[in-house]
Amino acid sequence: MQKEGEEAEAEGMSIVPPATIPLGDDEPIECLIHFAQIHETFRKAEIDALAVLHGIEVVWTGYSDDSPYATLLLPSRTSARTLVSRSILTKAIYELWATSPTLPHLHTTIQQRTPHLWPRLTPHPFKFTIETYNSSHTSAAQLALINTFSYLPLTGPISLHNPTTTFTLLESYTPHSPTPHTLHFGLRLAPGARHLPDTYDLKKRTYIGTTSMDAALSLITANLSLCAASKLIYDPFAGTGSFLVSAAAFGAHTWGSDIDGRQIRGKPGGPGVKDNFVQYGLTDAYIDGFVSDLTNTPVVAGGRRFLDAVVCDPPYGVREGLKVLGSRDREKGREAVVRDGVLRHL
Ligand SMILES: C[S@@+](CC[C@H](N)C(=O)[O-])C[C@H]1O[C@@H](n2cnc3c(N)ncnc32)[C@H](O)[C@@H]1O
């Protein structure tokens with residue numbers, strides 16, 4: 001049996017797109033994004049970057065780094081699904097039906113604003129879920145809450161694994177408070193891409209080193225850099241290639257260099273950057289790596305722009321030390337390197 005949504009995310013499986021809710025796609029809608037509570041300062045920036053990448057107009061109506069729930073206006077349901085489809089920091093996006101400080105008022109708002117949508121939803125398989133921030137409910141309390149929505153004329157069967165419509169109540173509590181301060185209600189439209197950091201987890205990667213960048217952070221960076229198919233991405237501090245792998249995961253062609261060729265090659269006889277691309281089936285996306293000191297870089301194009309983005313993690317701090325900031329001898333490293341009669345770049 002196929003699993004979907006958070007169940008699949010938890011197991012690191014690829015996500016099966018949820019069935020399209022039968023509401024058409026021709027109207028602007030208010031949405032709610034349920035964010036993961038990590039890397040908060042990147043969450044809005046990641047969505048803004050994805051909006052640029054996909055050409056989607058986003059109007060934020062509520063965002064705070066302190067809350068996992070943010071609201072925004074979007075042109076259509078399809079654009080909502082597209083917007084979060086590769087977001088690392090989005091758990092799911094919802095079509096927002098109502099927001100309120102109390103449950104009775106939430107019900108009143110739903111009954112005032114949404115009855116015209118009900119006939120198109122009610123014959124289909126459905127389920128209810130509850131998301132709670134800073135609190136939790138027993139199963140019995142959850143069921144009691146769900147039953148307060150009994151005025152929705154739902155005639156379709158309940159389906160926990162393959163619903164057409166997932167109605168969701170999202171509550172925010174102040175810690176230790178018995179009642180929520182804000183409730184949202186909506187329809188789940190699509191999940192984000194929270195499974196990707198698990199797919200590219202460093203613990204399961206063929207070649208890593210002390211400088212390898214955490215998978216979630218490098219995937220977020222690839223999103224911020226608008227990495228995508230037909231883009232050319234360069235990392236001048238490539239090291240073990242973490243950013244190159246993440247850019248390639250989103251379809252970009254990648255190319256990297258490092259002052260220390262051992263980082264790219266790996267230990268003699270052992271794996272190197274190339275082997276990570278083999279592991280992920282991304283060899284077509286890796287152009288190559290080469291040795292280069294960025295302070296004397298050979299990557300010049302006579303003033304022409306040919307890279308779509310430079311994505312990197314420059315050397316800094318005690319671990320890297322001052323010695324890695326490049327050579328003052330402008331001739332050093334410019335001599336051709338020949339090994340076994342062949343010119344070498346790595
Ligand atoms: C913070 S690490 C980047 C790690 C990389 N993101 C990875 O996935 O392993 C910085 C890298 O910059 C390289 N580096 C230091 N100085 C450099 C220079 N002047 N030119 C090019 N690379 C340099 C180091 O060898 C190191 O691999």
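Computed from a predicted structure; not experimentally measured. Below, all heavy atoms of this structure are taken into account, side chains as well, without hydrogens, waters or symmetry copies. Whatever order the structure lists ligands and atoms in, that order sets their numbers, starting from 1.
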(request) Look up atom CD in Q263 and atom CG in D258, then write down how far apart they are to the nearest 0.5 Å. (result) 5.5 Å

(message) If you compare all heavy atoms of A252 against all heavy atoms of I233, which two are closest, and at what distance to 0.1 Å?
(response) CB-CG1, 3.6 Å

(request) Go through the side-chain N and O atoms of S76 and S79 and say whether any donor and acceptor fall under 3.5 Å apart. (result) yes

(request) Return the option from S242, A238, G209 holding the heavy atom at the smallest distance from atom 5 (C) of ligand 1. (result) A238

(request) For ligand 1, indicate whether the residue S292 contacts it via side chain, backbone, both or neither (heavy-atom separation under 4.0 Å). (result) backbone

(message) Between the side chains of D65 and K44, is the shortest nitrogen-to-carboxylate-oxygen separation below 4.0 Å, so that they form an ion pair?
(response) no

(message) As an exercise, identify every atom of ligand 1 less than 4.0 angstrom from a heavy atom of F243.
(response) 6 (N)

(request) Run the numbers on Y173 and H181 for ring pair (Phe, Tyr, Trp, His ring centres under 6.0 Å), then give the verdict. (result) CA-CA 6 Å; Y173 288 73; H181 60 77; 8.0 Å; no

(request) Any atoms of ligand 1 less than 4.0 Å from a non-hydrogen atom of L294? List them with their elements. (result) 18 (C), 19 (N), 20 (N), 21 (C)

(request) Please could you name the atoms of ligand 1 that D293 approaches to less than 4.0 Å, counting only its heavy atoms? (result) 18 (C), 19 (N), 20 (N)

(request) Give the single entry among V245, T211, D313 that approaches atom 10 (C) of ligand 1 most closely by any heavy atom. (result) D313

(request) Test F128 against F149 for ring pair (Phe, Tyr, Trp, His ring centres under 6.0 Å), laying out the working first. (result) CA-CA 10 Å; F128 270 80; F149 292 87; 5.5 Å; yes

(message) Give the atom numbers and elements of ligand 1 that come within less than 4.0 Å of a heavy atom of P236.
(response) 21 (C), 22 (N)

(message) Using a 4.0 Å cutoff against the non-hydrogen atoms of S212, which atoms of ligand 1 qualify?
(response) 8 (O), 9 (O)

(message) Given D214, D235, I259, identify the one with the heavy atom nearest to atom 22 (N) of ligand 1.
(response) I259

(request) Taking all heavy atoms of S292 and all of P298, pick out the closest pair and write down the distance. (result) OG-CD, 3.1 Å

(message) Considering both backbone and side-chain atoms of D260, is one of its nitrogen or oxygen atoms within less than 3.5 Å of a nitrogen or oxygen in ligand 1?
(response) no

(message) Heavy-atom pairs closer than 4.0 Å: do any link ligand 1 to the side chain of S218, the backbone, both, or neither?
(response) neither

(message) Side chain or backbone, does D258 bring an N or O within less than 3.5 Å of an N or O on ligand 1?
(response) yes

(request) Please say whether the positively charged group of R205, taken as NZ for Lys or CZ for Arg, lies over the ring of Y200, i.e. under 6.0 angstrom from the six-membered ring centre and within 45 degrees of the axis. (result) no

